[in-house]
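Written below as structure tokens is the structure these notes are about.
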Amino acid sequence: FFILLLSVLPFAVSAKNDGGAHCFVLWGEGGVANYIGKTSGAKAAIGGGGALGLGYEYRANHFLLQTGLGARYTNTGLKINDGNYDIFGQFDSENWEIQKFQYRERDRRDSYNQVALQIPVLVGAHFDVFYFLVGAKLGVNVWNQTKAEGKYRTLGYYDEFIDPFENMDNHKFFTEGTIKNTTTNPLSINVAASAEVGAEFNLPAQRGSANRYLRVAAFLDFNILDDTKKSNNALITVPATYAGISKLQDVKQVDYLHSSAATNPLRQLFAGVKVTFLISSKVRYNCV
């Protein structure tokens with residue numbers, strides 16, 4: 001981050017000698033958010049997000065230097081593979097032996113909502129209508145919420161019967177129900193590599209007034225740090241015995257990123273369309 005700042009200072013100083021302008025910047029972003037990485041037993045589900053920010057830009061000749069403060073919201077998700085969880089050698093409420101007591105899970109999705117404050121440091125250039133900016137965004141996730149949600153039911157398999165017993169809540173063969181677990185996680189930090197490419201347009205202005213510009217661009221932010229939080233917690237924990245079951249909600253869920261299933265790094269990608277509005281001071285020309 002600091003190496004990037006130091007590397008652009010010589011260009012900013014040399015550009016200033018040829019005259020430059022200072023800009024107030026206001027931007028808005030919207031697009032898709034997704035996790036990138038290998039997910040064993042799950043697959044990424046595309047989410048979305050948006051951001052607003054304001055800041056400062058220095059312009060001189062073709063050179064651009066921009067920083068500021070932004071707030072970004074993203075929602076990303078992971079679709080967990082359907083699965084069965086079995087308990088063997090149990091006896092039911094009538095003291096009949098259950099060959100296999102089974103929990104069935106389907107439509108499990110883990111969602112991740114984040115609100116982050118970001119400080120971008122971007123450098124680039126503009127040539128007529130075309131412009132680009134590249135750099136980094138230091139982010140502090142001030143609100144992190146995870147939600148695990150899936151549908152479950154239980155069945156009993158008996159040696160004496162061909163079909164399993166189900167939809168008998170009084171015998172703990174529960175009808176399908178939805179289980180949700182929501183957790184708010186502590187503050188965290190991340191750094192995103194960022195790039196945007198697009199077009200810049202001069203907006204009409206009266207003589208003597210500040211220059212105004214409008215930019216429309218495609219952008220991409222890619223988090224450098226891993227979002228997984230390694231733990232020994234299983235994605236799903238069910239009661240170990242028939243006697244320990246009281247209701248369907250005895251199933252305990254842990255979201256993917258905070259479970260033992262997350263064995264590989266996962267990083268968030270946020271990409272979409274960015275609109276920027278700039279108000280510039282007059283260009284200052286040095287005496288020759």
Side-chain angles (χ1 to χ4, degrees), residues 1-13 15-16 20-36 47-60 63-76 112-126 131-145 184-198 200 213-229 265-281:
F1 181 76
F2 289 107
I3 290 172
L4 175 65
L5 280 176
L6 293 173
S7 67
V8 302
L9 285 178
F11 298 99
V13 172
K16 188 175 180 180
H22 306 279
C23 297
F24 170 77
V25 183
L26 179 66
W27 71 82
E29 300 173 346
V32 297
N34 201 28
Y35 273 120
I36 304 298
L52 293 172
L54 52 85
Y56 163 81
E57 181 175 290
Y58 179 75
R59 304 165 62 92
F63 175 78
L64 302 174
L65 170 63
Q66 186 181 112
T67 187
L69 178 65
R72 187 184 80 176
Y73 166 78
T74 55
N75 170 268
T76 48
Y112 302 89
N113 295 286
Q114 292 182 337
V115 174
L117 297 179
Q118 292 185 315
I119 299 175
V121 179
L122 307 172
V123 296
H126 67 97
Y131 90 97
F132 73 90
L133 289 168
V134 295
K137 294 179 180 178
L138 174 63
V140 179
N141 297 323
V142 295
W143 183 68
N144 296 277
Q145 185 188 73
T184 300
N185 301 303
L187 177 146
S188 62
I189 295 175
N190 215 316
V191 179
S194 181
E196 62 183 89
V197 178
E200 177 182 282
Y213 308 94
L214 178 67
R215 291 174 179 164
V216 180
F219 78 92
L220 183 149
D221 293 346
F222 182 69
N223 284 359
I224 296 172
L225 304 182
D226 180 14
D227 272 1
T228 61
K229 310 296 181 184
L266 287 177
R267 298 176 174 89
Q268 189 183 100
L269 174 70
F270 181 43
V273 176
K274 180 176 181 179
V275 177
T276 308
F277 177 69
L278 302 94
I279 301 176
S280 170
S281 66

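As the structure is a prediction and not an experimental result, all values here were calculated from the model. Only heavy atoms go into these numbers, but all of them, side chains included; no hydrogens, no water, no symmetry mates.
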Less than 3.5 Å apart, which donor and acceptor atoms pair up between the side chains of residues 24-35 and the rest of the protein, not counting sequence neighbours?
unit_1	atom_1	unit_2	atom_2	d
E29	OE2	K137	NZ	3.3
Y35	OH	D227	OD2	3.1

Minimum heavy-atom distance I189-L225, with the two atoms named
O-CD1, 3.6 Å
Nearest 0.5 Å, what's the CG-OG1 distance between N113 and T184?
10.0 Å
Could you tell me which residues satisfy ring pair (Phe, Tyr, Trp, His ring centres under 6.0 Å) with F219, sequence neighbours excluded, listed by chain and number?
F270
From the options V197, V123, L64, select the one residue that forms a side chain to side chain contact (heavy atoms under 4.5 Å, CB included) with F132.
V197
Partners of V115 by side-chain contact (heavy atoms from CB on, under 4.5 Å), sequence neighbours excluded?
Y73, V142, W143
As an exercise, state the distance from CD of E57 to CG of L65, rounded to the nearest 0.5 Å.
8.0 Å
Note: D226 and L266 closest approach over all heavy atoms is OD1-N, 2.9 Å
May I ask you to test the V121-L138 pair for a side-chain heavy-atom distance under 4.5 Å?
no
Who are the side chain to side chain donor-acceptor pair (under 3.5 Å) partners of E200, not counting sequence neighbours?
R59, R215
When every non-hydrogen atom of Y58 is compared with those of G20, the smallest separation belongs to OH-CA, 3.7 Å
Tell me the closest heavy-atom pair linking T74 and Q268, and the distance in Å.
OG1-OE1, 3.4 Å
Set out, in order, the CA-CA distance, both residues' side-chain angles and the distance that settles side-chain contact (heavy atoms from CB on, under 4.5 Å) for E196 and L122, then state yes or no.
CA-CA 10 Å; E196 62 183 89; L122 307 172; 3.9 Å; yes
Enter the distance from F222:CZ to N190:CG here, rounded to the nearest 0.5 Å.
10.0 Å
I'd like to check the side chain to side chain donor-acceptor pair (under 3.5 Å) partners of T76; sequence neighbours left out, ordered by chain and number.
none
Minimum heavy-atom distance between G124 and L133, given as atom pair plus value
N-CD2, 3.7 Å
Would you compute the distance between atom CD1 of I119 and atom OG1 of T67 and round it to the nearest 0.5 angstrom?
7.0 Å
Nearest heavy-atom pair of A21 and S280: which atoms, and what distance?
CB-OG, 3.4 Å
Treating N144 as the side-chain partner and P186 as the backbone partner, does any N or O pair qualify as donor plus acceptor under 3.5 Å?
yes
As an exercise, state the distance from NE2 of H22 to CD1 of I279, rounded to the nearest 0.5 Å.
15.5 Å
Holding to salt bridge (Lys or Arg N to Asp or Glu O under 4.0 Å), I want the full list of residues that pass it with R72, two or more places apart in sequence or in another chain.
D221
Look at the side chain of S194 and the backbone N and O of V134, then say whether any donor-acceptor pair between them is shorter than 3.5 Å.
no
If you measure from NE2 on H126 to CZ on F63, what distance do you get to the nearest 0.5 Å?
10.5 Å
